[in-house]
Visitor: 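Here it is, the structure in full.
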Amino acid sequence: MLRSCAPRLRTLGALRGLTGGARPAVGDAGPALLIPQGFSANGVTGSIRLEIPSIRDWTESWSKEIRLLFDQFMKKCEDGSWKRVPSYRYISPQDSKPTKEEGQMSRARIFSRSYDDGLGFEFVMFHNDVEKRTVCFFQGGPHLQGPSGLLHGGALATMIDVTGGVTAVMTGEFVMTANLNINFKRPIPLGSVIVINSQIDKVEGRKFFVSCDVQSVDEKTLYSNATGLFISLDPEKK
Ligand SMILES: CCCCCCCC/C=C\CCCCCCCC(=O)SCCNC(=O)CCNC(=O)[C@H](O)C(C)(C)COP(=O)(O)OP(=O)(O)OC[C@H]1O[C@@H](n2cnc3c(N)ncnc32)[C@H](O)[C@@H]1OP(=O)(O)O
């Protein structure tokens, strides 16, 4: 079941060294790692394949603005204060138990990484261990439209969830989202670059209380703010 892999997830902290480092060279696929993870209530387990993508993965679809922010934060990584959070795209079938849904599961993709280049969720995240803070630069593609010309609220909720979840995961625990509260304050133009800042406000046992704000790059517009509760899996619970 979901919780049976929780002890293995505690090795997550060991991955932290991977997240920093220099900007990968063009054509360099970068390091890749598999994180074991339980994904469903039917006993299927899978892995997240983490990889730092090559520059080619993003140069064509990212606007100048998000590339500039990327470069600024890659510079901040050089002294170790910030680390780039690895990207993740695939669930490896290698840990999956055979089930009757196996055929469907082999087609599983991480939701936020399942769109073709530039059409959906284009983002990169950086994490600051000392401040327990993650910043996400996000450019929502044309397939994430809600009202005409505007980003769908569910797409923003996804990115708030992922950014908050990563903020908790970077402490070394694997978490599930228990609660999200989002205030949508201003509509977001589709295709614009936005900045999601997420921090851990409080930890109580297995509960990670996280807050997020979503702003324009020039910080003049607060698009949204949110709080979330992320809970690490209890290895004792079967
Ligand atoms: C280190 C480097 C690594 C690199 C990093 C990059 C890699 C990135 C990798 C990964 C990215 C992660 C990004 C994830 C983003 C997506 C996340 C999702 O979409 S998750 C799917 C949606 N969420 C669910 O499906 C949960 C469904 N719910 C559950 O499974 C359970 O309810 C669960 C696990 C959340 C809690 O269940 P229990 O049985 O373990 O815990 P109980 O005993 O119920 O609660 C514990 C405490 O929490 C409170 N609690 C539980 N739910 C609450 C709620 N909704 N509101 C308030 N309190 C709640 C309870 O009252 C209790 O509190 P008291 O300890 O008594 O003080």
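First listed ligand is number 1; within each ligand, the first listed atom is number 1.
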Visitor: Below 3.5 Å, N or O to N or O, backbone or side chain included: is there any such pair between A178 and ligand 1?
Guide: yes
Visitor: Do you know the tightest heavy-atom contact between D161 and T177?
Guide: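 Residues D161 and T177, closest heavy atoms: OD1-OG1, 2.6 Å.
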Visitor: Given E173, M159, K207, R206, identify the one with the heavy atom nearest to atom 41 (O) of ligand 1.
Guide: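 The nearest heavy atom belongs to R206.
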Visitor: Can any side-chain N or O of N183 pair as donor or acceptor with the backbone N or O of K185 at less than 3.5 Å?
Guide: no
Visitor: Could you grab the distance from atom SG of C212 to atom CG of D201, nearest 0.5 Å is fine?
Guide: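 So the SG of C212 and the CG of D201 are separated by 9.5 Å.
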Visitor: Output the list of atoms in ligand 1 that are nearer than 4.0 Å to some heavy atom of V85, sorted by atom number.
Guide: 5 (C), 6 (C)
Visitor: Regarding ligand 1, does T177 bring an N or O atom to under 3.5 Å of one of the ligand's N or O atoms?
Guide: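 For ligand 1, there is an N or O atom that lies under 3.5 Å from one belonging to T177.
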Visitor: Under 6.0 Å from the six-membered ring centre of F126 and within 45° of its axis: does the NZ or CZ of R133 meet both?
Guide: no
Visitor: Taking atom types as modelled, find out whether E122 and W62 have a side-chain donor-acceptor pair closer than 3.5 angstrom.
Guide: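 Result is yes, a qualifying pair exists.
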Visitor: Among L229, N179, T171, which residue places a heavy atom closest to atom 57 (C) of ligand 1?
Guide: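 Going through L229, N179, T171 one by one, L229 has the nearest heavy atom to atom 57 (C) of ligand 1.
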Visitor: From the options M125, M176, E204, select the one whose nearest heavy atom is closest to atom 21 (C) of ligand 1.
Guide: M176
